[in-house]
2 protein chains.
Amino acid sequence: MSISSRFAVGIHILTLLEVNKDEVNSSEFIAASVNTNPVVIRKIMGMLKKAELVYVRPGVAGAELARKLDEITLLDVYKAVEAVPENELFSVHGNPNPQCTVGRNIQAAVLPIFAGAQAVMEKALAHVTIEDIVQSIEEQDKQIE
Amino acid sequence: MSISSRFAVGIHILTLLEVNKDEVNSSEFIAASVNTNPVVIRKIMGMLKKAELVYVRPGVAGAELARKLDEITLLDVYKAVEAVPENELFSVHGNPNPQCTVGRNIQAAVLPIFAGAQAVMEKALAHVTIEDIVQSIEEQDKQIE
DNA sequence: TAAGTTGTAATAAAATTGGTTACATGTAGT
DNA sequence: ACTACATGTAACCAATTTTATTACAACTTA
């Protein structure tokens, strides 16, 4: 299956917090930009908060980034929103038959390869920061008239 | 979410076809090695067949590899079993608000990054063949006593 | 105290996964 | 031709995940 869109929404939220930092970013406002329900935003915001990427307080409207723009990578967001369960991008069938040569060795054969593929993917995400996204968005927006 | 274990099972099947090539590899036999239902195997086998990775005929017991060992990459298997829908490893929320700077540019900002991350991951899979898996399995098995 | 916000539980509909039964279709051997 | 057995599929199911939604408790500020 695809990786949850929570990841893309998380990036959207953090980017918005920067671009719109002079206004009050309530969950309702953010939800209007993402085009979803405010509760969805609050849930994702809770995950971002737990990962110490944003600063939010119960009762008080608006959220802010908890780190500098270039200190939040997409990998941070990816992990924060649990885009993938338990660090397992690939799932492996459990309990193959230990009486079969292939069955008793397939997991050990396949796991390091999956780990490697996952690692290069995550590294690609780690090279991009929210600052890059903000820049990209502002540049693109200039070209729209 | 995680990538379907169909991928791992597909690798298991192809590896088994080689390691056990002197016997008849019926769906029932393969299912016993994978430890699942024969119908699950036949469904995945159908996908591998469609991708021309295996040779199977209705009515006749046993399947065989349709290519040489080193001409089947894990990426071939990954695509054959549709481990990920429509080539979209990452999903992006639809319809963000076009009246918001972030909303109207987030997709364009994020898509190339997702495509890049997906590409490096797939490249890692493309570098490994079923031959590598077979070797790895036979080497590991020697060390078990 | 009142108004508005966040945090969270409960629920729901849709989609996907892995499994299972049932059976039609196809092949080979007698 | 008949039998035995295998593959190919359709239909269905339970479990899980995703996204959306309602409801409401807890909290903050004016």
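Chain identifiers are assigned alphabetically (A, B, ...) following the order of the sequence lines, protein sequences preceding nucleic acid strands; residue numbering begins at 1 within each chain. In this text the structure is predicted, and so the values were computed from the model without any measurement. Basis for what follows: all heavy atoms, side chains included, without hydrogens, waters or symmetry-related copies.
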- To the nearest Å, give me how far apart OH (Y55(B)) and P (dT27(C)) are. 10 Å
- Task: Quickly work out the N95(A) CG to dG19(C) P distance and round it to whole Å.
- Result: 10 Å
- Counting heavy atoms from C-beta on, name the nucleotide in dG18(C), dT9(D), dT21(D) closest to the side chain of R42(B). dT9(D)
- Is the shortest heavy-atom distance from the side chain of I30(A) to the side chain of M45(A) under 4.5 Å? yes
- Query: What's the closest nucleotide to the A61(A) side chain, out of dT7(D), dT5(C), dG19(C)?
  - Reply: dT5(C)
- Query: Does dT18(D) have OP1 or OP2 sitting under 4.0 Å from an N or O in the side chain of R6(A)?
  - Reply: yes
- Task: Take the protein atom CD of E64(A) and the nucleotide atom P of dT6(C), then report the distance between them rounded to whole Å.
- Result: 12 Å
- Of G62(A) and K43(A), the one whose closest DNA chain C nucleotide lies more 5': G62(A)
- Examine dT19(D): is either OP1 or OP2 under 4.0 Å from a nitrogen or oxygen in the side chain of S4(A)? Give yes or no. yes
- Query: According to the interplanar angle, ranging from 0 to 90°, do the rings of F7(B) and F90(A) count as parallel (below 30°), tilted (30 to 60°) or perpendicular (above 60°)?
  - Reply: tilted
- Which nucleotide, dT5(C), dA22(C), dG19(C), lies nearest any side-chain atom of V39(B)? dA22(C)
- Task: Calculate the interatomic distance between M1(A) atom CE and dG18(C) atom P; express it in whole Å.
- Result: 11 Å
- Rounded to whole Å, the CD-P distance (E82(B) to dA15(C)) equals 17 Å
- Message: Rounding to an integer number of Å, can you tell me how far I41(B) CD1 sits from dT9(D) P?
- Response: 16 Å
- Do N105(B) and E138(A) meet the criterion of a side-chain donor-acceptor pair at a distance under 3.5 Å? no
- Quick one: F29(A) CZ to dT6(C) C1', roughly how many Å, whole number? 17 Å
- Query: Is there a donor-acceptor contact under 3.5 Å linking the side chains of Q143(B) and E139(B)?
  - Reply: no
- Task: Please tell me if the side chains of T129(A) and I72(A) come closer than 4.5 Å, counting only heavy atoms from C-beta onward.
- Result: no
- Task: Check whether any side-chain nitrogen or oxygen of S26(A) sits under 4.0 Å from OP1 or OP2 of dT5(C), and answer yes or no.
- Result: no
- Task: Name the nucleic acid region contacted by V60(A), choosing base, sugar-phosphate or nothing; use a 4.0 angstrom heavy-atom cut-off, strictly under.
- Result: sugar-phosphate
- Message: Which is more 5' along DNA chain D, the nucleotide nearest G46(B) or the one nearest P58(A)? Just name the residue.
- Response: G46(B)
- Query: Think S5(B) has a side-chain N or O under 4.0 angstrom from the OP1 or OP2 of dG18(C)?
  - Reply: yes
- Message: Please tell me if T36(A) has a side-chain N or O lying less than 4.0 Å from either OP1 or OP2 of dA20(D).
- Response: yes
- Query: With a 4.0 Å cut-off on heavy atoms, is K49(B) in touch with a base, just the backbone sugar-phosphate, or nothing at all?
  - Reply: sugar-phosphate
- Whole Å only: how far is the CZ atom of F7(A) from the P atom of dT19(D)? 13 Å
